[in-house]
Amino acid sequence: MDAVVLDLPFTGRWIVQNSPARRVPSHGTTLMGTSYAIDFVGVDERRRTAPLRDWRTYLATEPPERFYAYGRPILAPCDGTVVAVHDGEVDHEARRSQLALVPYALGQAGRIRQGPAAIAGNHVTLRYGAVFVTLVHLRRGSLLVEVGDAVTAGQQVAECGNSGNSTEPHVHVQANDSADIATARAVPLAFRDYREWPRGGGEAYVDRTLGVPAEAAVVAPVAG
């Protein structure tokens, strides 16, 4: 199946996690149409996801407001029509601590049993031709669109949050053959016109006209 080509759904720098360029299924499962899904975590120029580390970072949970990604605008990655909107899920405390991650991991099976809302949290799905593109883990109360709205690429649709199955504020992007992510099949995706700083640091970058961002690379859109 050909990949659907999208714009990055944000401005600024974001680090790539769970990239399908590294492995498929990218999240280690085919559940809920996530085989080619990709995650982006907002960072600063030093690749930090948050400006602060303290005892909570190592021993407990942290408020999502600490993180650069939280509240950043999330943009439509394509022209399309809104076919699904879900809001109302809480933005969880974030978990960088290995101690805090243990009980969260033990609750994973229970969240899966609860269905898509418990996994995706607040989300928006756009119909883009024959493909359905979903933006996941959005901030509660930030959604700016309704079902039936026509949107254009680059239009803000929400803010980044930490809702659903998320341990740190980030945006998860996936493409499917159906709007029902509980039963949809995954569609490969690629992105156009972005700058990529490879993992390992430094300011050397590559401008890509089309590709799948590499695991642990930092990316930002390049103006057309």
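Keep in mind the model is a prediction, meaning the values are calculated, not measured. Because only heavy atoms are used, hydrogens play no part in the values below, and waters and symmetry mates are left out as well, while side chains stay in.
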[X], [Y]: one ILVMFWY side-chain cluster at the under-4.5 Å cut-off?
{"X": "Leu126", "Y": "Leu189", "result": "yes"}
{"X": "Trp197", "Y": "Val16", "result": "no"}
{"X": "Phe40", "Y": "Ile15", "result": "no"}

Side-chain donor-acceptor pairs of residues 143-156 under 3.5 Å, sequence neighbours excluded:
residue: Asp149; atom: OD2; partner: Glu146; partner atom: N; Å: 2.8
residue: Gln155; atom: OE1; partner: Thr152; partner atom: N; Å: 3.2
residue: Gln156; atom: NE2; partner: Ala158; partner atom: O; Å: 3.2

Requested in this report: Decide if the gap between the ring center of Tyr205 and the ring center of Tyr194 is smaller than 6.0 angstrom.
Outcome: no
Report task. Examine His123 together with His172 and report whether their ring centres are nearer than 6.0 Å. Result -> no
For residues [X] and [Y], determine if any side-chain heavy atom of one lies less than 4.5 Å from a side-chain heavy atom of the other.
{"X": "Pro20", "Y": "Ile38", "answer": "yes"}
{"X": "Phe10", "Y": "Pro73", "answer": "no"}
{"X": "Pro51", "Y": "Tyr68", "answer": "yes"}
{"X": "Tyr128", "Y": "Val4", "answer": "yes"}
{"X": "Glu93", "Y": "Pro63", "answer": "yes"}
{"X": "Gln174", "Y": "Asn176", "answer": "yes"}

Query raised in the report: In this structure, are over 12 heavy atoms from other groups packed under 6.0 Å from Arg199 atom CZ?
Result: no
Report task. Tell me, yes or no, whether the heavy-atom count around Arg48 atom CZ, taken from other residues, nucleotides or ligands under 6.0 Å, exceeds 12. Result -> yes
If you compare all heavy atoms of [X] against all heavy atoms of [Y], which two are closest, and at what distance to 0.1 Å?
{"X": "Pro77", "Y": "Pro9", "value": "CB-CB, 4.3 Å"}
{"X": "Thr30", "Y": "Ser35", "value": "CG2-OG, 3.5 Å"}
{"X": "Arg72", "Y": "Thr11", "value": "NH1-O, 4.4 Å"}
{"X": "Glu196", "Y": "Ala217", "value": "CG-CB, 3.7 Å"}

Let me check something: any side-chain donor-acceptor pairs from residues 132-142 under 3.5 Å, sequence neighbours excluded? List them with distances.
residue: Thr134; atom: OG1; partner: Thr125; partner atom: OG1; Å: 2.9
residue: His137; atom: ND1; partner: Ser163; partner atom: O; Å: 2.8
residue: Arg139; atom: NE; partner: Tyr70; partner atom: OH; Å: 3.4
residue: Arg139; atom: NH1; partner: Glu159; partner atom: OE1; Å: 3.0
residue: Ser142; atom: OG; partner: Arg139; partner atom: O; Å: 2.8
residue: Ser142; atom: OG; partner: Glu159; partner atom: N; Å: 2.9

Strictly below 4.0 Å, N to O, side chains only: are [X] and [Y] in salt-bridge contact?
{"X": "Arg66", "Y": "Asp54", "answer": "yes"}
{"X": "Glu203", "Y": "Arg13", "answer": "yes"}
{"X": "Arg56", "Y": "Glu62", "answer": "no"}

Query raised in the report: Just by distance, with hydrogens left out, do His86 and Asn122 show a side-chain donor and acceptor under 3.5 Å apart?
Result: no
